[in-house]
Amino acid sequence: MNRIGHPTTACKTGVTPVLLAVMLCGLTLGAEVTPKRLNESRSEPHNWLSYYGSYDAWRYSELDQVNRGNVKKLIPVWTFQTGEIDGGLQSSPIVVDGVMYITGAWNRVFAIDAVTGEELWHYYHPRTEEIPGLYGTWNRGVAVGHGLVFMGTLDNKLVALDAESGREVWQVEIENAKQCGCNITGAPLLVKDKIVTGVTGGDSAHRGYISAFDAKTGRHAWRFWTIPGPGEPGNDTWKGDSWKFGGGSSWITGSYDPELDILYWGVGNPAADFYGESRKGDNLYTDSIVALDPDTGKLIWHYQEIPYDVWDWDSAYEIVLVDLEYGGEKRNLLVNPNKGGFTWVLDRTDGKFINAWPLADNIDWISGIDENGRLLDRKEPKVGETIKMCPSIGGGRSWNHGAYSPKTGWFYTTGIEWCQEVLSRAEEPREGMTYFGGEFTLAHTDKGEPGGHLSAYDPITGEQHWRIRHKYPLLASQLATAGNLLFTGDATGKAFALDAETGKELWSFRTGSGIRSSPMTYAVNGRQYVAIPSGWGSALAGLITQLWPEAEDFPSGATLFVFALPE
């Protein structure tokens, strides 16, 4: 850990009204995060209480001390290194009353003084041989509540730590990782008295699920199978016994609506990825949004974005909950970017289709989506033949999350322009083993140069308000703030802030390693901080070198940078 300066912990005056309302003195290690606090997290803009900052997955903060008028003065005040660069740093920090909780690769958890950067405690989960190499060594974060810190592990366990000391309180094995070829890389989600987690395994011969446990004891509460078995609705959408190893991972954190009391989770692709002959049918609930009762795990509704996926697309990305006017009335909606390059908009009360719009230019696996949500002119791989298709397996956008700002009313998200050549081939499943059903190689785009872009969209119509382009895929999440700012980073290690209304770059800082994670912001004692994790990881670098060979020389790392205005 390297501290740059040492901000005072004394309470301050002369701050903006928003910060004045949330000024704190001192630091309360292990402060209780209750379900009520999580439900009302918008009333605590100085904190970042859950993975997306709030249950609605906006990645938006009401803090405005740092704004487009003064962001150019932003300076680093401390840094923290997690000590493992293999896997980079993909965690989104959580801050509770002056204490930051962050994970590094290989399931390292740290509690940090959010003002000084001093380590308060750490927990290193034991390494085992039961780690599926296909899904990397990274971890995307924790959940905090009931006096505990929760983390999913590379050996497919769920761990609860005492928030004050880091001592392990309970641990459960969800499924043997070596046998299933699956694990947990996403952050869990705490909903009331239950901790909910997804699982990887979408590219393995594995049957996916979403699991919930009693937060205080670790007792198993429920499991929702993303691939229905015999006698369950949807099993008839799988040919023969293909459901047994049908993929359907749930690897990205879901969202929750406390008023409707509905848990939303996105489901990934079916397996085998490129070979579908043995699983003919719609393959529910892959490539779907599922709405669940958080108390029981029972299905309330589902919407399948892509029936019979043979391209390795996912609906597993963030589910953004917005209440906006549509058709002359206020509607409860959700917005879900899909790996295939389109963003779906649904009514979140019943799953009815509203719209779908593209976030990439190079999309040719379909010609479009009609007013009823049907895919038009599907272009499918043929067994034994190599075809070119766009986007690539990396997606028209990757897992990194967009941000919604109620101040502008816009949704900010990245897009990637790249294609691939795919060879589909027959493959028999072997439990827990890789199950792609083919192979792929990245290819150049047909329209324009390959690369990335970041745009501001109307979340319902997809109308684009501005776009910035980049030579390489932009693979960091966005953070929107009431200061009319948008924070993110790029593959070369540049962290930067844009004017949320125009897209103009207002500030930048070189971190020394590609940025793959999720910036966030918080305040302590009336001072606003912006935290940007930096650390790319070798797996991603290995993929994009197929189109950008120079990316092989991009440095990796695992360093958290925290910025603030000068005192």
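All heavy atoms count here, side chains included; hydrogens, waters and symmetry mates do not. Count residues from 1 along the sequence.
For L375 against P307, the heavy-atom pair with the smallest separation is CD1-CD, 4.2 Å. Looking at every heavy atom in both residues, V142 comes nearest to V109 through CG1-CG1, 4.4 Å. Of all heavy-atom pairs between G437 and E427, the closest is N-OE1, 2.7 Å. Here the shortest heavy-atom pairing between P132 and G181 reads CG-C, 3.6 Å. Here the shortest heavy-atom pairing between S242 and K239 reads OG-O, 2.7 Å.
Atoms CG and CG, on D261 and D295 in that order, are 5.5 Å from each other to the nearest 0.5 Å. Residue W251 holds its CH2 atom at 14.5 Å from CD1 of I184, rounded to the nearest 0.5 Å.
The aromatic rings of Y256 and Y55 stand perpendicular to each other, their planes meeting at an angle above 60°, with 30° marking the opposite boundary. Ring geometry, F353 versus Y303: the interplanar angle falls under 30°, so the pair is classed parallel (tilted spans 30 to 60°). Ring pair H302/Y285 is perpendicular by interplanar angle, where above 60° counts as perpendicular and below 30° as parallel.
Between R397 and E417 there is no salt bridge, since none of the side-chain N atoms of the basic residue sits less than 4.0 Å from a carboxylate O of the acidic one.
Just one residue in the list W58, Y51, Y317 forms a side chain to side chain donor-acceptor pair (under 3.5 Å) with H401, and that residue is Y51.
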Exercise. Checking salt bridge (charged side-chain N to carboxylate O under 4.0 Å, His left out) for the pair K216/D214: CA distance, chi angles, key distance, verdict?
Worked result: CA-CA 6 Å; K216 295 181 181 179; D214 183 281; over 6 Å; no
